[in-house]
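Report on one structure; see the data block that follows.
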2 protein chains.
Amino acid sequence: MSRWKPDARGRLEKAALELYNDKGFDATTVAEIAARAEVTERTFYRHFVDKREVLFQTNALADVLAHATATAAPLAPLEVIIHALTEAAPVFEERAELVRQRQAVIAANPELQERELAKLASLVSTLAHALRERGLDSTTAALAAEIGIAAFKVAFDRWINDPDQHTLAQHIRETLDATRHLTAPAEHAAATDDGSLPGQENVA
Amino acid sequence: MSRWKPDARGRLEKAALELYNDKGFDATTVAEIAARAEVTERTFYRHFVDKREVLFQTNALADVLAHATATAAPLAPLEVIIHALTEAAPVFEERAELVRQRQAVIAANPELQERELAKLASLVSTLAHALRERGLDSTTAALAAEIGIAAFKVAFDRWINDPDQHTLAQHIRETLDATRHLTAPAEHAAATDDGSLPGQENVA
DNA sequence: ACGGTGATGTCACGAACTGACATCACGGCT
DNA sequence: AGCCGTGATGTCAGTTCGTGACATCACCGT
């Protein structure tokens with residue numbers, strides 16, 4: 001028979017989630033998590049680089065974004081981003097309850113918010129890289145990626161706090177539409193319509 | 001005569017900067033900083049909430065942004081933001097050398113990058129609040145603030161890595177112009193086609 | 001049966017913070 | 001002048017995070 005109960009990592013994750021929810025992140029020690037998962041503290045650190053990382057297992061998202069960006073039809077950068085984010089939406093929508101719970105924990109703790117921002121920043125890098133692969137110049141790619149994730153933040157926030165009114169995908173679309181209205185409105189919009197496809201426009 | 005040398009905080013700040021630059025953030029202990037500043041470790045923590053915070057004394061920036069946003073002429077949101085960021089630019093330009101040095105330290109350490117993102121997020125809140133005060137609805141304000149800071153990130157990055165080609169203010173203006181091109185341009189199809197995303201069907 | 005491997009345990013430790021209490025120049029008040 | 005409150009600092013003890021080094025031992029392939 002096996003020397004240890006299987007899936008130590010899973011048990012740790014579950015224990016951590018429960019405790020963070022129950023007593024709050026700060027009041028939870030790694031020792032407690034380990035004890036509840038019936039492993040040692042050391043084992044916790046073998047599975048997660050730190051106490052926060054348990055909540056941020058989401059590399060799936062980066063993969064979806066990168067893939068969707070790479071395979072999207074030739075479109076203006078913002079359309080590509082809408083496409084990619086829309087593809088990614090189900091990752092959240094499929095486990096809305098868990099996501100909300102997780103978000104509540106994060107909302108209650110500044111350290112966790114920092115980590116979340118870091119994760120989002122890494123998504124920006126991923127997106128920007130994927131856009132560069134599509135031929136965008138580096139500044140445009142960086143800017144488009146930043147704006148995309150910025151819009152996602154707002155859309156996600158609205159989705160979390162606006163239970164079931166709309167899907168996340170709808171919020172994303174609405175938010176990016178709002179972005180267009182925000183940035184376009186006063187100016188005449190058609191000036192740059194020289195028929196070119198995705199923007200090779202340079203940042204003058 | 002006085003019991004202690006004056007300006008403990010200033011000495012701590014100086015000592016920390018030097019050590020972070022010299023041996024790196026990780027390799028520097030608070031004990032070392034305190035020793036060099038000729039105070040105790042405890043005193044360090046009385047002046048700075050943690051080891052990172054020494055590098056993020058920048059509440060001046062938030063004040064400038066909030067004030068400039070509040071007093072800007074009535075304009076489209078994005079114009080207000082351009083105005084505010086432009087007002088804030090001198091905060092950096094006036095001490096470009098120090099800013100570059102600081103940025104190098106931050107670039108070398110993920111923990112510091114996390115903190116920086118947190119500070120920027122707090123600027124987003126400040127900006128959004130100021131925009132709401134101007135009468136924008138909460139979602140538009142949040143979105144405009146996110147986009148403004150996103151553009152600022154890109155502009156700042158270009159400024160740091162593009163020594164003296166342009167001023168930060170120029171970069172900001174260029175970047176926000178690029179934002180307009182990114183979001184507005186040439187998407188004549190979008191006006192009538194609010195429906196399906198092209199290419200959606202064959203993206204796994 | 002044998003030896004290598006990988007997941008876990010054990011131990012020891014440094015370094016980041018924190019709470020509680022002590023000290024004592026300074027500045028104001030009487 | 002003398003007393004007193006205050007604020008900045010020191011001292012100390014303790015908790016928790018996170019890591020390196022080494023030990024254990026079921027499992028798996030040969």
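Lettering of chains follows the sequences in order, A, B, ..., and the numbering in each one begins at 1. Values below: all heavy atoms of this structure, side chains included; hydrogens, waters and symmetry mates excluded.
For the segment residues 102-115 of chain A, the set of residues with a heavy atom within less than 4.0 Å of an atom of DNA chain C is empty.
Residues A:E38 and A:W4 fail the side-chain proximity criterion, which asks for heavy atoms closer than 4.5 Å. Residues B:F152 and B:L123 form no side-chain contact, since every pair of their non-hydrogen atoms from C-beta on lies 4.5 Å or further apart. The side-chain heavy atoms of B:V54 and B:F25, taken from C-beta on, include no pair separated by under 4.5 Å.
Summarising the local packing, CZ of A:R95 is surrounded by 12 or fewer heavy atoms from other residues, nucleotides or ligands at distances under 6.0 Å. Other residues, nucleotides and ligands contribute only 12 or fewer heavy atoms inside 6.0 Å of the CZ atom of B:R173. The local environment of NE2 in A:H129 is sparse, with at most 12 non-hydrogen atoms from other residues, nucleotides or ligands closer than 6.0 Å.
Atom pair A:L19:CG and D:dT16:P shows a separation of 14 Å (rounding to whole Å applied). The separation between B:I33 atom CD1 and C:dA16 atom C1' is 11 Å, rounded to whole Å. When rounded to the nearest whole Å, the span between CD of B:E41 and P of D:dT9 equals 15 Å. Put simply, CG on B:D26 is 12 Å from P on C:dA15, counting in whole angstrom units. Rounded to whole Å, the distance from CZ on A:R42 to P on D:dA21 is 11 Å. Residue A:K5 contributes atom NZ, which lies 18 Å from atom C1' of D:dA26 at whole-angstrom precision. Atom pair B:K51:NZ and C:dC17:C1' shows a separation of 12 Å (rounding to whole Å applied). Rounding to whole angstrom units, CZ of residue B:R9 and C1' of D:dG7 are separated by 15 Å.
At a cut-off of 3.5 angstrom, counting only N and O atoms as typed in the model, there is no donor on one side facing an acceptor on the other between the side-chain of B:R46 and the base of D:dG7. With hydrogens and angles left out, the side chain of B:R3 and the base of D:dG10 share no donor-acceptor pair within 3.5 Å.
Between its opening and closing five pairs, the helix from C:dA1-D:dT30 to C:dT30-D:dA1 changes axis direction by 10°, a value rounded to 10 degrees.
An OP1 or OP2 oxygen of D:dA8 is reached within less than 4.0 angstrom by no side-chain nitrogen or oxygen of B:H47. Listed pair B:T40 / D:dT11 fails the phosphate criterion, with no side-chain N or O lying under 4.0 Å from OP1 or OP2. OP1 and OP2 of D:dT19 both lie 4.0 Å or more from every side-chain N or O belonging to A:Y45.
Within the 3.5 Å criterion, the main-chain N or O of B:D157 finds a donor-acceptor partner in the side chain of B:N161.
Here the side chain of A:T29 is nearest to one of D:dT9, D:dT16, C:dA16, namely D:dT16. Side-chain atoms of A:S2 lie closest to D:dC27 of the nucleotides C:dT18, C:dT8, D:dC27.
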> Does the side chain to side chain contact (heavy atoms under 4.5 Å, CB included) test come out yes or no for B:L117 and B:E114, once each step is laid out?
Replying inline: CA-CA 5 Å; B:L117 291 168; B:E114 284 196 11; 5.6 Å; no

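Aromatic ring orientation, A:H171 versus A:H166: perpendicular (interplanar angle above 60°, classes split at 30° and 60°).
Across all their heavy atoms, A:T167 and A:E93 have their closest contact at CB-OE2, 3.3 Å.
Of the two residues contacting DNA chain C, namely B:V49 and A:E38, the nearest-nucleotide position lying further toward the 5' end is that of A:E38.
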